[in-house]
Amino acid sequence: MINHRNWVLAVTLLLAGTPYLVLADSDVAQLMADCGDCHALNNPNYTQQSATERKNRKAPPLFYAGNKFNRTWLVAWLQNPERIRPAGYYPPAHILRGADGDSVDTSSLPEHTALSAADAAQTADYLMSLKPFTSLVEAAAYEPGTLSWKMGNLTFGKFNGCDACHRDAPDYGGTSGPELYTAWARLQPGFIASYIADPVAWDPHTLMPGNSLNPEVVKKLADYLKVNGEDFK
Ligand code: HEC
Ligand code: HEC
């Protein structure tokens, strides 16, 4: 998708090193050039690529960051990046098989680069402008509500097995998906509901299985991440 900002970024990158032409976005373009070594900042059209491309991705796609993250969280995280995926972005590469079961080889997980407060704010502004999937969020039509923690916890664990891959507490749950006790602080409510309902719509090669959950269950799961998340703020 060629939108105005991408165009400005492309031109700025093209002209990088041309000192007499200073564009307003040039600082951001410089910053984002490093990020683009690992993250997709433009839609890579995954459907047109082989499914094995997921294995070779270095980092989560950021080209829909503006539909995904809470800006406040983003600014803070970019300055102080703490691990979100306990076994990294491609877990099979970081799991050690042992006689007592599997464990995560944390020594193989690199630290993320940290930005200054000013760079984090500027980077977040740019990332929050990337919103190609607003229609997915709107289709989910999720209105946050509430439910008992106990009912939510059963829905997340026993009834749907989300805890096989996700942690809903720092010391409980699977390690192959992003931690979810921080989901409500990190992610926009509409993204949470939409991703649970149809992960493949967000990422054709996602490692999360699509479950065809009914809308009521999706709402319960999203509400649980809200209710549960309030304990971990
Ligand atoms: C060497 C590769 C690499 C570079 C360079 C890099 N990142 Fe990352 N980034 C990662 C990996 C791997 C993760 C997943 C970390 C985790 O889950 O704990 C990540 C996670 C993120 C996340 C959270 C994404 C999500 O979906 O959870 C954001 C936001 C982010 N990076 C922004 C940036 C920005 C901005 C830059 C440039 C200043 C950058 N990264 C540079 C590898 C990289
Ligand atoms: C087989 C493992 C697995 C199961 C079971 C699973 N997920 Fe996931 N989930 C993942 C992975 C892996 C990702 C990240 C996608 C990727 O990296 O390709 C993800 C992503 C997500 C995200 C987006 C989080 C983010 O930071 O990007 C949410 C929300 C989510 N899952 C909720 C759920 C819920 C609710 C359930 C239960 C219905 C569930 N998941 C079941 C593996 C799983």
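As the structure lists them, so they are numbered: ligands from 1, and atoms in each ligand from 1.
A side-chain donor-acceptor contact under 3.5 Å links Asn43 to the backbone of Asn45. Looking only at distances, a side-chain donor or acceptor of Gln188 sits under 3.5 Å from a matching main-chain atom of Gly66.
Polar contact with ligand 2: present for His166 (N/O pair, distance under 3.5 Å). Residue Leu207 places at least one N or O, backbone or side chain, under 3.5 Å from an N or O of ligand 2. Taking distance alone, with nitrogen or oxygen atoms compared against 3.5 Å, Arg186 approaches ligand 2 more closely than that limit. The N/O atoms of Ser176, backbone and side chain alike, include none that comes under 3.5 Å of an N/O atom in ligand 2.
Tyr46 and Asp203 share no side-chain donor-acceptor pair at under 3.5 Å. Between the side chains of Thr155 and Asn160, no donor-acceptor pair is found at a separation under 3.5 Å.
Counting heavy atoms closer than 4.0 Å to ligand 2, residue Thr206 contributes atoms from both its backbone and its side chain. Under 4.0 angstrom from ligand 1, the non-hydrogen atoms of Ile84 come from both its backbone and its side chain. At a heavy-atom distance under 4.0 Å, no atom of His205 approaches ligand 2.
By heavy-atom distance, the residue among Pro178, Gly174, Ala164, Pro91 lying nearest atom 24 (C) of ligand 2 is Pro178. Comparing heavy-atom distances from atom 17 (O) of ligand 2 across Met208, Arg54, Arg57 singles out Arg54 as nearest. Relative to atom 20 (C) of ligand 1, the option among Tyr89, Trp77, Tyr126 with the closest non-hydrogen atom is Trp77. Taking each of Arg85, Glu111, Glu82 in turn, the one with a heavy atom nearest to atom 15 (C) of ligand 1 proves to be Arg85. For atom 13 (C) of ligand 1, the nearest non-hydrogen atom from the set Pro60, Gly88, Ala87, Pro86 comes from Pro60.
The Gly161 neighbourhood of ligand 2 comprises atoms 5 (C), with distances under 4.0 Å to a heavy atom of that residue. Residue-ligand proximity, Cys162 to ligand 2, at heavy-atom distances under 4.0 Å covers atoms 34 (C), 35 (C), 36 (C), 37 (C), 38 (C), 39 (C), 41 (C). Short contacts between ligand 2 and Cys165, defined as distances under 4.0 Å to a heavy atom of the residue, involve ligand atoms 1 (C), 2 (C), 3 (C), 4 (C), 5 (C), 42 (C), 43 (C).
Heavy atoms of Leu180 approach ligand 2 to within less than 4.0 angstrom. Using a non-hydrogen distance threshold of 4.0 Å, Leu62 registers as a contact of ligand 1.
With rounding to the nearest 0.5 angstrom, the NE2 atom of His166 is 11.0 Å from the CD atom of Glu179.
Looking only at protein heavy atoms, the nearest one to atom 37 (C) of ligand 1 is Cys35 SG, 1.9 Å. Residue, atom and distance of the protein heavy atom nearest to atom 3 (C) of ligand 1 are Cys38 SG, 2.7 Å.
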